[in-house]
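Notes follow once the structure below has been shown.
Start at 1 and go down the list; that is how both ligands and their atoms are numbered.
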Amino acid sequence: MPSFVANVNQQTDVLPKGVKALMDNGLVTIPGRYIKPPSHRAVKHLIVPGVEIPVIDMAALESDREKFVQTLCKASSEWGIFQVINHGIPVATMQGMVHGVLELFDLPIEEKMKYYTEEVFVPVRYCTSMTPSQETHMEWHDHFQHYFSNREKEHPWPEKPACYKRLASSYVSSVRHLSQTLMSALSEGLGLDSNCLAKSFGDSEMILRSNYYLPCPNPDLALGMNGHTDSGGLTILFEDQVGGLQARKGDLWYDLKPIKNAFIVNIADQLEILSNGKYKSIEHRVLVQPDQTRLSIVAFCNPSRDAVIGPLLELIDEQNPLLYKSTLYQEHITNAETPHYHIEDLQASVKLCNHGSVMHGRGPSSRGPGSAKVKHVQECIGGQVHGRGNPAANQQSWIVH
Ligand code: OGA
Ligand code: NI
């Protein structure tokens with residue numbers, strides 16, 4: 001095969017312009033940078049195929065709100081991930097967005113490279129994997145990302161493809177509305193006022209990311225996206241029917257079966273923290289396929305970067321002690337460096353106690369209570385028991401038990 005392949009494999013110091021750019025140049029084997037070491041690859045016998053995660057029917061919101069809230073609360077506590085049907089967003093809006101995004105990825109590489117950056121908080125970003133310059137083993141996907149800060153009324157949408165601005169802005173406003181509805185119901189699920197979580201988020205910010213997973217010539221050696229939890233509030237994901245998204249419970253990875261035109265919604269770290277661990281920020285990852293392209297469009301509904309996020313004090317009492325410290329959201333993501341990262345980072349940065357198992361029993365022994373990260377947390381807090389205090393007023397006030 002063409003000398004190009006040999007070149008790509010040898011020049012590991014040259015950052016790729018994306019998986020699509022590699023494939024368009026006739027790549028037949030996966031470049032070394034995208035190969036995961038054996039310990040990071042998916043292990044077949046730990047995968048549970050075709051799982052149906054809870055399905056939330058939003059039509060029930062009108063007919064029996066209380067029952068709807070209960071179902072949502074149960075799904076968020078037991079799984080932290082669920083599918084939403086009858087959500088009211090027209091199929092045309094969703095399909096329109098897919099169309100626009102596919103055209104965006106289809107632009108010539110020179111056009112896409114105008115947006116190439118590893119910065120997260122820029123209005124428009126095109127990138128491959130997460131932060132290629134810092135990664136030894138990259139993720140097999142390209143993405144476009146939009147960051148909408150609350151102060152940014154006029155988003156600088158790419159002018160090409162011509163249809164994109166109209167289709168994407170309509171999609172964003174629909175998804176924003178859906179997130180607000182779900183956040184109200186999630187607040188009620190905690191026994192609190194419906195605006196309680198939204199208030200804690202302050203002027204919320206949204207990141208919209210379209211992930212493009214090309215067929216991979218060596219799918220067993222790569223991952224579309226590493227296992228991680230989302231660092232923000234609530235994630236609303238729309239995907240095609242190809243599949244590959246997996247959620248982790250204990251040592252097992254559950255292969256999620258997408259329902260056509262439904263959204264997959266997952267709880268992210270800040271909602272786990274605000275709910276003092278009642279809602280679970282579930283770890284997830286993406287496998288790649290040998291013969292199919294997969295597209296996911298992900299809306300991260302996040303707090304303001306100025307918001308201090310800690311457990312809601314109304315939820316704390318003798319039976320429900322404080323499990324997390326309060327952190328400025330900006331600080332949380334700075335520690336994590338990217339808007340999504342590995343479960344150990346959340347644990348090391350905010351979680352205060354492990355109840356004998358790490359993060360809801362998800363972790364393998366390397367992440368268990370004796371692991372280096374947990375020891376680091378214990379050393380940092382010195383094993384002391386502090387008074388309860390007001391976590392919002394005193395960010396160093398921790399309870400250890
Ligand atoms: C993410 C993510 C999953 C997917 O972008 O954080 O988890 O299916 N994506 O693309
Ligand atoms: Ni994610």
- Item | Aromatic ring pairing His155/Trp157, orientation class (parallel under 30°, perpendicular over 60°, tilted between) | perpendicular
- Of all the N, O or S atoms in Asp230, which one sits nearest to the Ni ion (ligand 2)? OD1
- Message: Would you say the ring centers of His87 and Phe263 fall short of 6.0 Å from each other?
- Response: yes
- Check Asp230 against ligand 1 and report side chain, backbone, both or neither, counting heavy atoms closer than 4.0 Å. side chain
- Task: Using the ring-ring contact (aromatic ring centres under 6.0 Å, His included) rule, collect all pairs that involve residues 167-208, keeping only residues at least two apart or in two chains.
- Result: none
- Arg294: partners by salt bridge (Lys or Arg N to Asp or Glu O under 4.0 Å), with sequence neighbours left out: Glu239
- According to the interplanar angle, ranging from 0 to 90°, do the rings of Phe105 and Phe144 count as parallel (below 30°), tilted (30 to 60°) or perpendicular (above 60°)? perpendicular
- Row for the Ni ion (ligand 2): angle NE2 (His228) to NE2 (His284), 10° precision, value 90°
- Item | Side chain, backbone, both or neither: the part of Glu239 lying under 4.0 Å from ligand 1 by heavy atom | neither
- Side chain, backbone, both or neither: which part of Arg294 comes within less than 4.0 Å of ligand 1 when only heavy atoms are counted? side chain
- Message: Please classify the Met225 to ligand 1 contact at 4.0 Å (heavy-atom distances, strictly less than): side chain, backbone, both or neither.
- Response: side chain
- Please name the residue in the list Val298, Leu245, Val84, Ile236 that meets the side chain to side chain contact (heavy atoms under 4.5 Å, CB included) test with Ile264. Leu245
- Note on the structure: His228 heavy atoms within 4.0 Å reach ligand 1 at atoms 1 (C), 2 (C), 6 (O), 7 (O)
- Message: Classify the ring geometry of Tyr254 against Trp79: parallel below 30°, tilted from 30° to 60°, perpendicular beyond 60°.
- Response: perpendicular
- With heavy atoms and a 4.0 Å threshold, my read on which part of Arg209 contacts ligand 1 is side chain
- So the atoms of ligand 1 within less than 4.0 Å of a heavy atom of Phe300 turn out to be 1 (C), 5 (O), 6 (O)
- In ligand 1, which numbered atoms sit nearer than 4.0 Å to a non-hydrogen atom of Ser296? 4 (C), 8 (O), 10 (O)
